[in-house]
Each structure stands twice: as structure tokens, then as C-alpha cells.
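Each remark here refers to the structure printed beneath this line.
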Amino acid sequence: MYRSVFTKYLLAFAMIIFISFVLLAVIIGSLFSGYAIDNIRSDANRTVKSACDILSYAYLHHGNGRSLEGYIRGETEGVLWLLTGLLTNTEQNTVIITDYTGQILVTAQSSKMELPPKENMRVPETLIASLTPNEVYECDGTFGVFPVRHIVGGLPIVTTEGTMIGAVFACISAENETQLVQEATRTVIMVCLLVMLAAIIAVYFMTDRVTSPLRSMTVAVKEFGKGKLDSRVEIKGKDEIAELADAFNKMAESIQENEKMRNMFLANVSHDLRTPMTTIAGFVDGMLSGAIPPEQQPQYLEIVSSEVHRLSRLVSTLLDISRLESGVRKFTETRFDICELGRLILISFEQKIDEKRLNVEFVSETNSLFVLGDKDATHQILYNLVENAIKFSRPEGTLRLTFAVKTPEKVVISVYNEGQGIPEEDIPLVFERFYKSDKSRGLDKMGVGLGLYIVKTLIEAMKQTISVESVYGEFCEFKFTMKQDCGEPSTPAPQTKQ
């Protein structure tokens, strides 16, 4: 049978509370019972000692040689008056006097001055024989005389010569105390039940508060499964559940954003694939059909070649993404000159730099700066950053490459350009897959939004960091770190400009 988390929590807490209160009731009942019985036993011992002392003293001075039975029958009223003074005002307390054989001679209760001896009522002789003057005999039961439970204390009556002539027993009923314990236990149980009911109600609302966001998340996940990516969980409070709900909402926003970027990526890829393929197909069909004369075909073949290279670059980019995400691409750490790599990359973009008439600055404290890392990956990183910087630079703007030693172990490489920049709200997204700040494709007609994602992935694979600073409409600067190799001193070099 299916049980929700709410039901499981509620049943678990209810069971724990119930068991705890049952144990509490049992412990309190046992304490009450033990305390009451100890008090009764103490009263019985005190009473029997007093009664034994009184009878021994009275018999010693007034026995006149008679047997204990003869003395008691002759002095019944006096004996009862002495004994009843020792008893509390209850019908349940009794003093029994027997002879040395166990035959009951007389009983006394506080509410009755005299009770005739009960015939055929005896205390077992073995019990009488086990009595000692220095230790009170204790018994818990009916004593063979009473219909209900009594606490009994007994002592022998002995003469000055040490001869046992009888015994005296103080019997105190435990019925009232048992009823008191039962009533106290019932009271404790009732209080426990009320407290347990209040606790279960509190646990109900607490559990509902804990599981309600989980139920909301379940509904949201089901909505996600149906394609409704705008489902969110309401956040209440500031506890761990609220943090989980907040994390879920952030995950949902990320999924929704990734889905949006994926759709944008598909649109961009479709556009980038369709445009060159349409161009290629049109020119090839024109040449095959004779619409393009032979003397003009070399011109159009150059266009076809350019479009083919464009398709090749797109496929290579997609393959790079696939290899990086699958972990197929391996990185080899080698020692190389990052300054020299930067110069070669700038030279490769010389034509584009001249077309925009950019002011190029190459800033480095040394002529060479050796680093440790994967050279091919570093080339791809720096190439992509420089390509983006040129692409989004304004004409006659500044393009600056800076190489600086940050710490003895770190080198910081900076690529700066003056131009469009990145909007502030888009800065956290620039390294996401399929992101393009130039959504109009006015400046970036060839890209699909994967260049910076590849850059960040490569840098993180080499356990380095990258950051971006930008003021929209003014400048943009990317900075990434590399591990410095200090095995060979670098030669100083002046700042150069082009």
C-alpha cells in the first residue's frame, strides 16, 4: 500500500510519542507504587515494634505468672486500649496477637475496641518459628487472614529469659494505596494522552509544512515532464526545505534557459547550415545547367569554397563540444612561451586588424613568458578571445593583449577591446552554451554561440580561471590565468604598439 512521506512522518512521530508516554506512565506508576509500599512497610514495622514493646512491658509487670493467652483474656480491655492507640484512624489497619503456636488470640482495629478471636484461624507455626527479636518479619499478601492485600510486619514476644510466648503482627491494608497509585497512574495517562494529542497536532502541522514544498516539487516535476518549464515552487521560510525549494527553482530556471538557448542554437545552426548549402547548391546547379558561363565559374567556385570552409568550421566546433563534454579530448601539459603564442595569433589576424584600422597594444613586462599547460588548448582559447575582440571592436578602436605575472605561480593574460561591449545583465551568461549577445547577427554572422563556452571548458579542464569585465558601448576585457614555469629567466621587453 502506498504511503506518502507525510503519513510516514506522522505515524513515526505518533508512535515515538506514544511509546515515550507509555514508558513515562509506567515509570511514574512504579515510582508511586514503590513510594507508597515503602511508606506502608515503614508504618507496619514501626507499629509492630511499638506493639511488641508495649505487650512485653505489660506482660512483664502484670502477667503474674499467667500464660500470654490468660493475661490477654483477663486484661482484654486494657490490652486493646494500648494497641488501638498505635493504629491510625482507618478500618484497614489491624494488630494480631498469637500464642507461640500461631493460634490467633485477639485482633484490634482502631474503629473497633474488641474483636473476638477467630476460631480455627492460625498463623503457620513455621512462620512463628522463623521470627527473631532483632529483625522484623515482613510479608506482602493476604497473610491467610485477610480478603485483600496487606503489608505485614511481625515480631516475637519473649520473656526476660528469652522464651518465646507469642507473637504480634501489624497488618496495614495496601488497598487504599493501590487505589491511590491506580488513580495517579490514570491521571498521568490522561495527561499523557492530552499532551500526546497536542503533540500529534503540532507534528501534523510541522510535517505538513515540511512535506508541502516536496508535494509542490512533485507537481512541478510532473509539469516539467509535460513540457511546462515555467513551473516554480513557492518558497516559505528560511530553513533547509526553503533552500531546497530555492535550489529547485534555480535548477528550473537553468533548464528553461538551457532549453531557450538550445532552441536558439538549433535556429542558428539551421540558419548557418541552410545559408551556405543554399548558396553552394545554387551556384553548382547554375554551373551544371550552363546558366553560369565557364569564364565566370572560377569566381563562383571561390564562393563555394568559402562556404564549404564555413560549414567545416561549424562541424569542427560541434565536434569540439562533443569531445570536451564526453571527456575524449586529452590534455598534455608542456612548457611554452605564451608571449610568442600571442604574437603569432595577432599576426594571423593582421588582415582583419587592418580592415578595422585597430590600434594594437602588446603589453608584457618580459620579452618571453613561459607557462605550463596544453599548448593547443591555450592557442584555441587565445585565438577565440582575440577573434571575438576584433569582431566586436569599433573601427579605429584599441585592441590590447596584456601578459602579467600575478604571483610566482600564476600568469594573467588579458584581451581588451573598445567597442560594443556586453550588457550588464548578459555578463553572467556569456560562457553559457549557445549564448550570443549579438542576437541580431549584425556583427556576428558566422558564430553559433559556442566559442566562449569552449574557452571556459578548456580553461577549467586545465584547472585555471577566467573572468570578464565590460561596460556596454565602451569596452570589454577577458582575463584568464595560466600556470607559470620559472625554470628559465625571462628577458625584459618594452611595451609595443602597432
Side-chain angles (χ1 to χ4, degrees), residues 220 224 227-233 235 243 245-272 313-314 316-326 377 380-394 397 399 412-481:
F224 265 56
K228 299 179 180 179
L229 302 182
D230 57 347
S231 299
R232 298 293 184 270
V233 180
I235 300 175
E243 290 181 3
D246 182 59
F248 180 87
N249 288 341
K250 290 179 179 177
M251 180 195 71
E253 292 173 3
S254 177
I255 292 175
Q256 188 175 21
E257 187 64 27
N258 284 339
E259 181 66 15
K260 180 180 177 181
M261 289 184 177
R262 186 183 69 85
N263 293 333
M264 186 184 301
F265 165 74
L266 291 176
N268 292 337
V269 170
S270 298
H271 177 274
D272 289 333
R313 285 194 300 270
L314 175 60
S316 296
T317 300
L318 295 177
L319 288 175
D320 282 342
I321 292 291
S322 176
R323 292 173 62 201
L324 285 171
E325 292 185 341
S326 63
Q380 188 172 1
I381 292 168
L382 198 53
Y383 187 94
N384 284 353
L385 292 178
V386 172
E387 182 182 33
N388 279 349
I390 295 173
K391 186 184 303 179
F392 295 105
S393 291
R394 66 170 179 264
L399 172 65
V412 177
I413 299 93
S414 168
V415 179
Y416 171 93
N417 75 293
E418 295 176 346
Q420 179 181 350
I422 302 172
E424 183 179 355
E425 64 274 11
D426 287 353
I427 288 179
L429 306 174
V430 293
F431 296 109
E432 298 292 334
R433 285 183 299 176
F434 321 130
Y435 170 78
K436 286 171 65 69
S437 62
D438 181 29
K439 299 178 177 59
S440 66
R441 304 177 67 87
L443 296 174
D444 187 10
K445 297 181 174 61
M446 306 291 288
V448 292
L450 292 173
L452 290 177
Y453 173 74
I454 293 176
V455 165
K456 185 179 181 182
T457 305
L458 291 173
I459 287 176
E460 289 180 346
M462 292 190 293
K463 299 181 181 179
Q464 300 301 318
T465 60
I466 186 170
S467 62
V468 58
E469 297 179 11
S470 179
V471 175
Y472 188 61
E474 295 184 14
F475 75 91
C476 181
E477 183 176 20
F478 286 88
K479 294 181 180 180
F480 66 95
T481 62

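Residue numbers count from 1 along this sequence. Just so it is clear, the model here is predicted, and its values are computed rather than measured.
For E253, the salt bridge (Lys or Arg N to Asp or Glu O under 4.0 Å) test picks out no residue, with sequence neighbours left out. Residues meeting the ring-ring contact (aromatic ring centres under 6.0 Å, His included) test with Y416, sequence neighbours left out: F475.
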Determine whether N388 and F478 satisfy the following criterion, side-chain contact (heavy atoms from CB on, under 4.5 Å), listing intermediate values before the conclusion. CA-CA 10 Å; N388 279 349; F478 286 88; 5.8 Å; no
CA sep, side-chain torsions, deciding dist, call: I390, N417, side-chain contact (heavy atoms from CB on, under 4.5 Å): CA-CA 7 Å; I390 295 173; N417 75 293; over 6 Å; no
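Side-chain contact check for Y472 versus Q420: some heavy-atom pair is nearer than 4.5 Å. Residues V455 and F480 form no side-chain contact, since every pair of their non-hydrogen atoms from C-beta on lies 4.5 Å or further apart. At a threshold of 4.5 Å between non-hydrogen side-chain atoms, the residues I466 and F431 count as touching.
For the residue pair S470 and I427, the shortest heavy atom distance occurs at O-CD1, 4.2 Å. Closest approach of R394 to E474, counting heavy atoms only: NH1-O, 3.8 Å. Of all heavy-atom pairs between L399 and A389, the closest is CD1-CB, 3.6 Å. Summarising the geometry of L385 relative to V415, their closest heavy-atom pair is O-CG1, 3.9 Å, with the distance given to 0.1 Å. Taking each heavy atom of V468 and C476 in turn, the nearest pair found is CG2-SG, 4.0 Å.
Rounding to the nearest 0.5 angstrom, the gap separating the NZ atom in K391 from the CG atom in N384 is 9.0 Å. Here L452 contributes atom CG and I459 contributes atom CD1; the two are 9.5 Å apart, rounded to the nearest 0.5 Å.
In terms of modelled atom types and a separation under 3.5 Å, the side chain of T481 and the main chain of Q464 share no donor-acceptor contact.
Surrounding CD of E425 are more than 12 heavy atoms belonging to other residues, nucleotides or ligands, all under 6.0 Å away.
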